[in-house]
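One-based numbering, in listed order, for ligands and for the atoms of each. These numbers come from a predicted model, not from an experiment.
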Amino acid sequence: MFTMSLGDDGAQLRPLEPWQAEEFLAHMDRARALVDPWIPFAAAATDLDSARALLQRYADKQAADTGRIYGIWLDGTLVGGVLFRIFDAATGSCEIGCWLEPAGQGRGLVHRASRKLIDWAFDVRGMHRVEWIASSANTRSVGAAARLGMTREGILREAFPHHGVRHDEEIWAVLAEEWRAAR
Ligand SMILES: CC(C)(COP(=O)(O)OP(=O)(O)OC[C@H]1O[C@@H](n2cnc3c(N)ncnc32)[C@H](O)[C@@H]1OP(=O)(O)O)[C@@H](O)C(=O)NCCC(=O)NCCS
């Protein structure tokens, strides 16, 4: 029902809700090969029931103000999304996550969508800190955090076991005053 333009190339940010499970699953099937090596997100949506359940978890998080999920549409096709995996209004700290299918990569879509989420977190919700956590080996995700002007704060060595490998996790973050100064 609500859409936000991400630029003049037809990219839009919209809420992603359980009723869109079918469209989300078809998109996940296109995104799986890109997403699976890095995060267990697409693997949590392998059929209609699990796709709907994933979106319902985020609908529940939104109702509790502990998380949110938004899709990115390009020329009417769902090609990726951004989310608040964690949103803790009490401490003023939240974490953004993201994914794309191959057709969405390399266009700055996650960059532009993440900027909207960060603006909202700081300007509307008065949050203090936005985090981004990625495997050190996930150079595209690390590049996205750097492109947003975040600071690489540290590495949790071998903290994230995924597909039989223990990945180093990089913690990136931007603080409200840094975001405003850069803007
Ligand atoms: C991580 C992921 C979202 C990054 O995608 P991405 O397209 O590189 O990210 P961005 O939105 O920041 O776009 C940056 C790219 O678009 C280009 N670009 C084009 N227009 C742009 C614009 N207006 N603004 C910024 N970048 C732009 C940049 O040059 C860059 O491309 P390059 O690296 O080839 O030079 C994607 O690789 C992905 O989905 N990976 C699998 C899931 C995943 O790892 N999720 C994150 C888990 S921590």
Nearest protein heavy atom with distance in Å, relative to [atom]:
atom                    : value
atom 22 (C) of ligand 1 : Gly108 CA, 3.9 Å
atom 20 (N) of ligand 1 : Arg107 O, 3.3 Å
atom 32 (P) of ligand 1 : Arg140 NH2, 3.7 Å
atom 44 (O) of ligand 1 : Asn138 ND2, 2.7 Å
atom 37 (O) of ligand 1 : Gln105 OE1, 2.5 Å
atom 30 (C) of ligand 1 : Arg147 NH2, 3.7 Å
atom 2 (C) of ligand 1  : Leu100 CD1, 4.4 Å
atom 41 (C) of ligand 1 : Leu34 O, 3.4 Å

Worksheet item: Side chains of Trp132 and Ser114: do they bring a donor and an acceptor to under 3.5 Å?
Response: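 Result is no, nothing qualifies.
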Discussion item. I'd like to know if the side chain of Trp99 pairs up with that of His27 as donor and acceptor (distance under 3.5 Å, no hydrogens or angles considered).
Written reply: yes
Practice prompt. Considering only protein heavy atoms, determine whether one is less than 4.0 Å from atom 35 (O) of ligand 1.
Written response: no
Under 3.5 Å between some N or O of ligand 1 and some N or O of [X]?
X      : answer
Val110 : yes
Trp99  : no
Val35  : no

Fill in: Audit row: Trp179, Glu177, side chain to side chain donor-acceptor pair (under 3.5 Å) steps and yes/no
CA-CA 5 Å; Trp179 187 252; Glu177 63 267 30; over 6 Å; no
Does some non-hydrogen atom of [X] fall short of 4.0 Å from ligand 1?
X      : answer
Cys98  : yes
Ile133 : yes
Gly97  : no

Worksheet item: Are any of the side-chain nitrogens in Arg112 or Asp9 under 4.0 Å away from the carboxylate oxygens of its partner?
Response: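 Salt bridge present between Arg112 and Asp9.
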Worksheet item: With the threshold set at 4.0 Å, does a side-chain nitrogen-carboxylate oxygen contact exist between Glu17 and Arg52?
Response: no
Worksheet entry | Note, Trp73 side chain near Val79 side chain (heavy atom, < 4.5 Å) | no
Discussion item. Taking the side chain as everything from C-beta on, heavy atoms only, tell me whether Leu54 gets closer than 4.5 Å to Phe41.
Written reply: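 Yes, at least one pair of side-chain atoms sits under 4.5 Å.
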